[in-house]
Amino acid sequence: LSTDRDQQIEVHADRFNGDEVQQTAVYAGNVVVDQGSMNITGAKLELSVTPKGYRKAVITGSPARFKQQRDPKTKGIDEWMHAEANCITYDEERDTVTLEGAARISRTENGVRKDQSSGERIVYNLRYARSTIEGGTTDGKKNRVSTIIAPRTKEAAEPRNQGARLSPATNLTAPK
Amino acid sequence: MTHRRLIMSERITAIAGASILLALVLASYYYAVQTGLMGLRYVPSPESPDFTAENVTLTDFSPEGGPTTRLVAAHVAHFSDERMRAENALFVTLDPAKLQTTLRADEAWSNDGMETVELEGNVEYTRAAGPAEPDLYFRTDRLRGWLDTYRFDTTAPVFMRRGNDVTEAEEGMVYDNIARTVELRKRVHTVLQPQNFHSSTLER
């Protein structure tokens, strides 16, 4: 949600190592990061502070997972973004989540997966909900990215600017 | 006849009692004379201190004459085997070149001439904010510290606040004030405030 960035960030883990000189904090073991509706899980989290004071969190796991609720656009539709990768980087300044290594991102509506993309590296912009997918290269050969976009259902496909649908009145009496 | 025998046995009993008493008096007098005061020596026991002090302020100075550390305590007891105990102890660093730190506890023990200290009960550590780092505070039930290397460790639960961010750990901590590193163990829970947070609403 757009309000997530104004919420507290809660981190749970088994162990913590902080280094004030390097300005880093490393959480290890069953790491869970929550900020509003955003939730990231993994094996290890390295939290650092940029010179401007913004936080940067690098979570690794096999895989590390990310999910966040989208601002509701259509009534009754609960929309979530889900992602997983070997390494997830959350950049508070740019408001982006970068997925690297077997990266996969998908969108669900009321729990049903709608769209899905996968590639070697995905940069997801939390503010504009926009993804940039790179295939990466293996042995010098460029890999391809893949995206699956679910067909829009009939009601959802109707143009929006039609306005309310009118129907004849049933209980008005004849004018006197 | 019976009457005379009764009086005789009473007389014998009285004489015996008086004789025993006399023997005790003579023996005590003999020992008192034998024991010279010169040879008397206080043999300290682990439980009895060889000096105590009330409402103490001890200040340590550097070779250049500047105060470096101060220990304030309600009661201090020193023992002959170099152990020292302080109640309501407050330890403050005064070196202007370093960030001021304070360490407070209900009871503090030093078993090796102040090389290490064992703190027990409402242990609180604070370090002032610096140019590049926020203030630091932690609280635990017991703590062991090495005053020369400024290293502290505990196996008790710890509450730590660094600037606006709060961290709790269930089973202990190792804090090194020289290397500026802290390690927390078991069920660590951190709450980081968002960027637009105002620190006035924070719990101490």
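Remember, it's a predicted structure, so these values are computed and weren't measured experimentally. Values reported hereafter were calculated over all heavy atoms of this structure, with side chains retained and with hydrogens, waters and symmetry mates removed. Each chain gets a letter, A, B and so on, in the order the sequences are listed, and its residues count up from 1.
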**Asked** When rounded to the nearest 0.5 angstrom, what is the spacing between CZ in A:R55 and CD in B:Q193?
**Response**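 With rounding to 0.5 Å, CZ (A:R55) is 8.0 Å from CD (B:Q193).
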**Asked** Hey, are B:R127 and A:E20 close enough for a salt bridge, meaning a charged N less than 4.0 Å from a carboxylate O?
**Response**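 Salt bridge: yes.
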**Asked** Below 4.5 Å, heavy atoms only, C-beta onward: do A:Q8 and B:D165 meet side chain to side chain?
**Response**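 No, side chains not in contact.
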**Message:** Counting only heavy atoms from other residues, nucleotides and ligands, does the tally under 6.0 Å from CZ of B:R180 exceed 12?
**Reply:**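 Yes, the 6.0 Å shell around CZ holds more than 12 heavy atoms from other groups.
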**Prompt:** Do other residues, nucleotides or ligands put more than 12 heavy atoms under 6.0 Å from the CZ atom of B:R162?
**Reply:**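 Buried by this count: over 12 neighbours within 6.0 Å.
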**Asked** Would B:L192 and A:L47 count as a side-chain contact (heavy atoms from CB on, under 4.5 Å) if you check the C-alpha gap in whole Å, the side-chain angles of each, and the deciding distance to 0.1 Å?
**Response** CA-CA 11 Å; B:L192 305 170; A:L47 200 58; 3.3 Å; yes
**Asked** Residues of residues 28-41 of chain A under 4.5 Å from chain B (heavy atom pairs)?
**Response**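 Listed by number: none.
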**Request:** With a 4.5 angstrom heavy-atom cut-off, could you sort out which part of A:Q7 is near chain B: side chain, backbone, both or neither?
**Result:**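 Just the backbone, heavy atoms under 4.5 Å.
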**Message:** With a 4.5 angstrom heavy-atom cut-off, is it the side chain or the backbone of A:Q23 that approaches chain B, or both, or neither?
**Reply:**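 Looking at A:Q23, just its side chain touches chain B.
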**Message:** Give the interface residues of residues 181-190 of chain B toward chain A, defined by a heavy-atom separation under 4.5 Å.
**Reply:**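 Interface residues of residues 181-190 of chain B: B:T181, B:V182, B:E183, B:L184, B:R185, B:K186, B:R187, B:V188, B:H189, B:T190.
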